[in-house]
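Data first, discussion second: the structure below is written as structure tokens.
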2 protein chains.
Amino acid sequence: MSRSERDTQHHNVAQAAIPGRVPLNRDRVLRAAVVLADEVGIDSLSMRSLAQRLGVAPMALYKHVASKEELLDGMVSVVVAEIDPPMPGLDWKRAVRERVLSARHALLRHPWAPHVIESRTQAPLVVLDYMNSLIGTFLAGGLSADLTHHVMHALGSRMWGFTQEVFPTPQPPAERFPHIIEIASVGEHDDKSAVGRGCDDQFEFEFALDVLLDGFERLHNQGWTSTNPVRTASP
Amino acid sequence: MSRSERDTQHHNVAQAAIPGRVPLNRDRVLRAAVVLADEVGIDSLSMRSLAQRLGVAPMALYKHVASKEELLDGMVSVVVAEIDPPMPGLDWKRAVRERVLSARHALLRHPWAPHVIESRTQAPLVVLDYMNSLIGTFLAGGLSADLTHHVMHALGSRMWGFTQEVFPTPQPPAERFPHIIEIASVGEHDDKSAVGRGCDDQFEFEFALDVLLDGFERLHNQGWTSTNPVRTASP
DNA sequence: ACCTGAACACCGTTCAAGT
DNA sequence: ACCTGAACACCGTTCAAGT
């Protein structure tokens, strides 16, 4: 780092203590939005509340993001960029597994991320980078383009390391729902790992991920193609 | 049906032609909300627009639903109640498969249903009925309560017959995303079956569902338990 | 060039009042 | 008992104006 660069940084840091003196930029807006959403929840994140946090008029934000939708796209980009790069030297199955669990690690720090990612209509570029990289891992492992296509669909939003939880929070009455009660008691996992409401825990996620990856591997070994989808389930 | 009951019905039907004369009830509110959301989209469904459609002041709705959240719960209940009952005489795997595809048939008529179902914090009772019934099918098929628990988690929101689509709508640039381009061309399915934006098509859904069900069957045949999860993927 | 203030067209929901 | 109208505390976003 050159002397002038260091000075500029110090200058900015000094200005940051004086509210409103550091000019806004896109990155500052997006990072502040991520922090604010982490703190107060995505429902309480508004253009107005974000502007207030930044000590700026609401309309100042529109110089850096065209709309709230673009703000949400940008927030997704920030957290997806935190996902670790692929680990080298692993076979495709382990490589995908580790990558997805790394995505889980990065995204589940932000309880709002699952919902916001799934609500994107246009995937931000870093999202496509991640998907492109995952696809590359399957292809490098020898899976056909055909199988890889369907395997990526089957993986679905689980590629981000989360699944929206579908089980009810309160215990329902046993008379009407005997089967739910019957299976509810098994496998009591730690509630702490469920980040925010509506997220799975680690054991259930890995179980589902492994069922899928094992299935993909079996289809690959069988030479599965979409025009000749032979498939059996004997042990 | 007694004479007086018939007369009462005729009376109501006659009144229905005069807007605003039939007293509102919860069912009329919920059904109107479902129809309106089908027509204008869930984002344009507001308490005010629904009230206007019903020819009533916005606050009249609050006699029948406590809040907009409760309205959404009720709308989910309406569409989930349309799912066919389980088919008798099938083994557990076929029974689950048919039931889930029937759920798909019912829910995908309402493009907003996936998003709204996944956003429920408290599952409506008919949602628990459906889950209880699915669990019962696994248990009746001989799966342990242990395995069934994890299998239900792994099935996740796919039990409703849909998965949120994760692929981008516009074709991205080939230079930056070569692998996406490579697999994009395979298996061009009909776009018509993708109900609204963001929903999978039939082939991809069945592929993923079968990978999961085949995996569940294999674990069941192997005598899998959560404390002794032996699992291999040889063909 | 970058930010502001007022205004517009919406929300869900409260409250007190009408019939 | 059931519905209404006005009002409150919010939204995202436009526009014209400020420096």
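Both backbone and side-chain heavy atoms feed into the values below; hydrogens, waters and symmetry mates do not. Every value quoted in this text rests on a predicted model; they were computed, and no experiment measured them.
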Hey, what are the protein-to-nucleotides 7-11 of chain D N/O distances that come in under 3.5 Å?
{"from": "D/dC11", "atom 1": "OP1", "to": "A/Ser46", "atom 2": "OG", "distance (Å)": "3.2"}

Report all interatomic pairs (protein N or O, nucleotide N or O of nucleotides 14-19 of chain D) with separations under 3.5 Å.
none

Exercise for review: Would you write the dot-bracket representation of DNA chain C, where each base gets (, ), [, ], | or . depending on whether it forms a Watson-Crick or G-U pair under 3.5 Å and with which partner?
Suggested key: ||.|||||...|||||.||
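When rounded to the nearest whole Å, the span between CD1 of B/Ile42 and C1' of C/dG12 equals 15 Å. If you take CG of A/Leu54 and C1' of C/dC2, they are 15 Å apart, rounded to a whole angstrom. Remark: C1' of D/dT13 and CD of A/Glu69 are 13 Å apart, rounded to the nearest angstrom. Rounding to whole angstrom units, CD of residue B/Glu70 and C1' of C/dT13 are separated by 14 Å. In this structure, B/Lys63 atom NZ and D/dT4 atom C1' are separated by 11 Å, rounded to whole Å. A/Gln52 has its CD atom 13 Å from the P atom of D/dG12, to the nearest Å. Regarding A/His64, its NE2 atom lies at a distance of 10 Å from the C1' atom of C/dC3, rounded to whole Å.
A salt bridge does not link B/Asp38 to B/Arg109: none of the charged nitrogens lies less than 4.0 Å from a carboxylate oxygen.
With sequence neighbours left out, A/Phe216 forms a ring-ring contact (aromatic ring centres under 6.0 Å, His included) with no residue at all. By the ring-ring contact (aromatic ring centres under 6.0 Å, His included) test, A/Tyr130 pairs with A/Trp160, sequence neighbours left out.
Environment of CZ in A/Arg31: sparse, with no more than 12 heavy atoms of neighbouring residues, nucleotides or ligands closer than 6.0 Å. Counting non-hydrogen atoms of other residues, nucleotides and ligands closer than 6.0 Å to CD of B/Glu98 gives a total above 12.
Neither side chain, A/Gln164 nor B/Ser157, offers a donor N or O lying under 3.5 Å from an acceptor on the other.
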Exercise for review: Show the numbers, then the answer: is there a side chain to side chain contact (heavy atoms under 4.5 Å, CB included) between A/Glu206 and A/Arg104?
Suggested key: CA-CA 11 Å; A/Glu206 293 189 21; A/Arg104 176 179 181 84; over 6 Å; no
Could you list the donor-acceptor pairs under 3.5 angstrom formed between side-chain atoms of residues 71-78 of chain A and any protein atom two or more places apart in sequence or on another chain?
{"from": "A/Asp73", "atom 1": "OD1", "to": "A/Arg120", "atom 2": "NH1", "distance (Å)": "2.9"}
{"from": "A/Ser77", "atom 1": "OG", "to": "A/Asp73", "atom 2": "O", "distance (Å)": "3.1"}

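Side chain of B/Ser44 to main chain of B/Gly41: no donor-acceptor pair is present (N/O by atom type, distance under 3.5 Å, no hydrogens or angles).
With values rounded to the nearest 0.5 angstrom, A/Ile183 atom CD1 is found 7.0 Å from B/His153 atom NE2.
Under the 30°/60° scheme for interplanar angles, the aromatic rings of A/Phe203 and A/Phe207 are found to lie parallel.
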